[in-house]
K.L.:
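If you scroll down you'll find the structure; I have some questions about it.
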Amino acid sequence: MFSETENHQANGLSGGANEASGTSDSLYVTAAEEAVDELEHVSGVHPGYRRAHARGFCCRASFLPSGKAAPYTTAAHLQEREIKAIVRFSGSSTDPALADLLSPAKGMAVQFLLPEGGHTNMVGVTVPVFFARTPESFMEMLTTLNRTKAGKMPKAEALRRFARHFGESRQSLLALKRLKPPASYATNLYYCIHVYILVDSEGRRRPVKFEWIPDLGVQTLSIHDAAAMPDDYLERELELRMLAHPPSFKLNIVFGEEGDPTNDPTKRWPSDRKRIDAGRLVLLEPIAEPPGLIMDPTAVPDGIALSDDPILNFRRDTYAESLKRRSGGH
Ligand code: HEM
């Protein structure tokens with residue numbers, strides 16, 4: 001079992017993101033501090049809140065693995081033993097006061113509390129791809145947006161810059177446009193987007209993606225009905241739903257094949273890839289957010305390794321920077 005620091009060392013990521021290996025030259029030149037500064041420019045600083053996915057709602061949960069993933073990974077939470085978990089649902093906005101309806105993509109972050117101590121996280125959102133392929137693209141798009149909004153960049157220059165990234169952002173923008181307001185946090189399909197590597201007991205490595213499928217099916221509201229709801233309707237709805245009957249999700253593991261990209265979060269894999277049902281997550285009851293909770297998607301245990309996706313590897317330091325600022329009361 002690794003602590004988060006040990007994990008990073010085990011994955012060859014011993015220090016800052018600049019030291020990550022196996023990726024192309026220009027990656028990781030962007031500092032996590034700059035990324036978090038830029039996120040703060042989107043809607044200002046909201047002291048004590050996450051710098052993205054600011055408003056959220058935590059639950060206590062339980063994960064019962066099916067055992068079907070055990071031949072592919074030694075990861076403790078994917079064997080057969082029931083695992084305690086903490087789940088945080090969120091709206092994607094940097095502004096904690098924004099109504100649920102106005103932050104279209106939703107997040108579901110799951111922290112598995114491993115039997116021998118330590119934890120690992122799976123962080124999903126309701127779109128299958130990200131809008132940026134590298135931290136540099138992410139930064140250029142965000143700074144362009146912020147500078148244009150602040151009147152510091154002419155619209156023509158902004159358009160020219162966005163056009164440079166249109167190819168990589170297209171699928172994500174289309175997916176965002178197709179999103180309808182959810183009926184419940186428990187009725188969304190959540191994609192963990194990045195590729196991870198399952199490692200079996202013989203050391204064999206297989207690239208995979210993770211998806212959470214709601215057992216209630218995907219259920220949405222019309223814009224008209226959602227507009228009539230209170231700003232925080234998703235939190236209220238989930239609280240009531242858990243009292244009545246604990247909702248659940250199936251964990252799908254999707255296996256990549258030869259040629260499927262492992263380093264590009266803007267690309268989907270073909271839909272016919274093999275999937276296994278790795279277990280069921282049941283949401284039990286609302287809880288107050290545990291102090292210092294951080295859903296770092298690079299915190300992986302023995303039996304799972306990080307892929308060469310530059311965005312995935314960049315997230316570790318930005319999440320730590322956000323935690324540092326929000327826990328310092330900023
Ligand atoms: C350059 C890429 C990204 C940056 C800079 C970034 C930044 C951040 C930051 C600063 C936070 C707050 C962390 C904290 O205070 O604990 C956050 C939270 C979150 N991000 Fe990202 N993010 C990136 C990519 C992604 C991607 C690809 C996904 C999709 C899976 C994602 C999903 C989430 C979710 C669901 C949360 C809320 C986690 C929680 O509930 O604690 N992010 N992000």
Side-chain angles (χ1 to χ4, degrees), residues 4 17 27-43 45-59 61 85-96 103 105-111 119 121-143 165 168-169 171-172 175-176 185 188-196 209-212 235 263-267 289-299 306-307 309-328 330:
E4 283 186 21
L27 305 177
Y28 309 134
V29 294
T30 300
E33 291 83 359
E34 286 169 33
V36 175
D37 286 347
E38 216 49 62
L39 283 168
E40 288 181 346
H41 289 147
V42 176
S43 65
V45 175
H46 305 285
Y49 285 92
R50 283 168 175 68
R51 273 26 184 187
H53 289 258
R55 204 174 76 230
F57 176 80
C58 289
C59 325
I86 296 166
V87 181
R88 182 175 181 270
F89 291 97
S90 57
S92 52
S93 175
T94 56
D95 180 356
S103 71
K106 304 299 174 196
M108 172 173 155
V110 181
Q111 182 158 100
H119 63 259
N121 305 315
M122 277 184 199
V123 184
V125 283
T126 48
V127 286
V129 283
F130 196 52
F131 63 89
R133 201 173 57 77
T134 63
E136 287 70 29
S137 297
F138 173 83
M139 282 300 286
E140 187 172 54
M141 287 188 257
L142 200 57
T143 45
H165 297 285
E168 67 190 290
S169 301
Q171 289 304 328
S172 155
L176 272 176
Y185 273 135
N188 288 323
L189 200 162
Y190 296 90
Y191 305 87
C192 298
I193 294 190
H194 305 290
V195 176
Y196 290 85
K209 295 192 187 192
F210 301 110
E211 299 170 344
W212 291 107
E235 294 169 25
N263 63 353
D264 189 345
T266 70
K267 296 253 164 57
E289 179 168 337
L293 181 71
I294 177 166
M295 298 290 198
D296 171 4
T298 69
L306 302 181
S307 66
D309 179 336
I311 293 282
L312 171 61
N313 288 284
F314 183 63
R315 287 172 70 188
R316 180 184 76 241
D317 287 356
T318 54
Y319 285 43
E321 179 63 23
S322 172
L323 174 67
K324 193 169 93 189
R325 296 187 194 188
R326 66 182 158 93
S327 9
H330 300 289

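Computed from a prediction, not measured in an experiment: that's the story for all the values here. When a ligand or atom number is given, it counts from 1 through the structure's own listing order.
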K.L.:
So between V123, L39, D296, whose heavy atom ends up nearest atom 30 (C) of ligand 1?
P.N.:
V123
K.L.:
Pair Y190, V125 - check side-chain contact (heavy atoms from CB on, under 4.5 Å), show working.
P.N.:
CA-CA 5 Å; Y190 296 90; V125 283; 5.6 Å; no
K.L.:
Among protein heavy atoms, which lies nearest atom 8 (C) of ligand 1, and at what distance?
P.N.:
Y319 CE1, 3.3 Å
K.L.:
For atom 16 (O) of ligand 1, what is the nearest protein heavy atom, given as residue, atom name and distance?
P.N.:
R326 NH2, 2.7 Å
K.L.:
With a heavy-atom distance limit of 4.0 Å, tell me whether H53 approaches ligand 1 through its side chain, its backbone, both, or neither.
P.N.:
side chain
K.L.:
Looking at atom 29 (C) of ligand 1, what's its closest protein heavy atom, distance included?
P.N.:
V125 CG2, 3.5 Å
K.L.:
I need the minimum non-hydrogen distance between S103 and G91, along with the two atoms involved.
P.N.:
OG-CA, 3.5 Å
K.L.:
Relative to each other, are the rings of F89 and Y185 parallel, tilted or perpendicular (30° and 60° limits)?
P.N.:
parallel
K.L.:
Please assess R326 against I294 for the test side-chain contact (heavy atoms from CB on, under 4.5 Å), listing each intermediate value before the final yes or no.
P.N.:
CA-CA 11 Å; R326 66 182 158 93; I294 177 166; 4.3 Å; yes
K.L.:
Which of parallel (below 30°), tilted (30 to 60°) and perpendicular (above 60°) describes F130 and F138?
P.N.:
parallel
K.L.:
Please step through side-chain contact (heavy atoms from CB on, under 4.5 Å) for the pair R325 and D37, ending with a clear verdict.
P.N.:
CA-CA 10 Å; R325 296 187 194 188; D37 286 347; 2.8 Å; yes
K.L.:
At less than 2.8 Å, would any N/O/S atom of T318, backbone or side chain, sit next to atom 21 (Fe) of ligand 1?
P.N.:
no
K.L.:
One residue to check: A109. Relative to ligand 1, which of side chain, backbone, both or neither has a non-hydrogen atom less than 4.0 Å away?
P.N.:
side chain
K.L.:
Is there a nitrogen or oxygen of R88 sitting under 3.5 Å from a nitrogen or oxygen of ligand 1?
P.N.:
yes
K.L.:
Do any N/O atoms on S322 end up under 3.5 angstrom from N/O atoms on ligand 1?
P.N.:
yes
K.L.:
Could you pull out, from R315, M122, R55, the option with a heavy atom nearest to atom 25 (C) of ligand 1?
P.N.:
R315
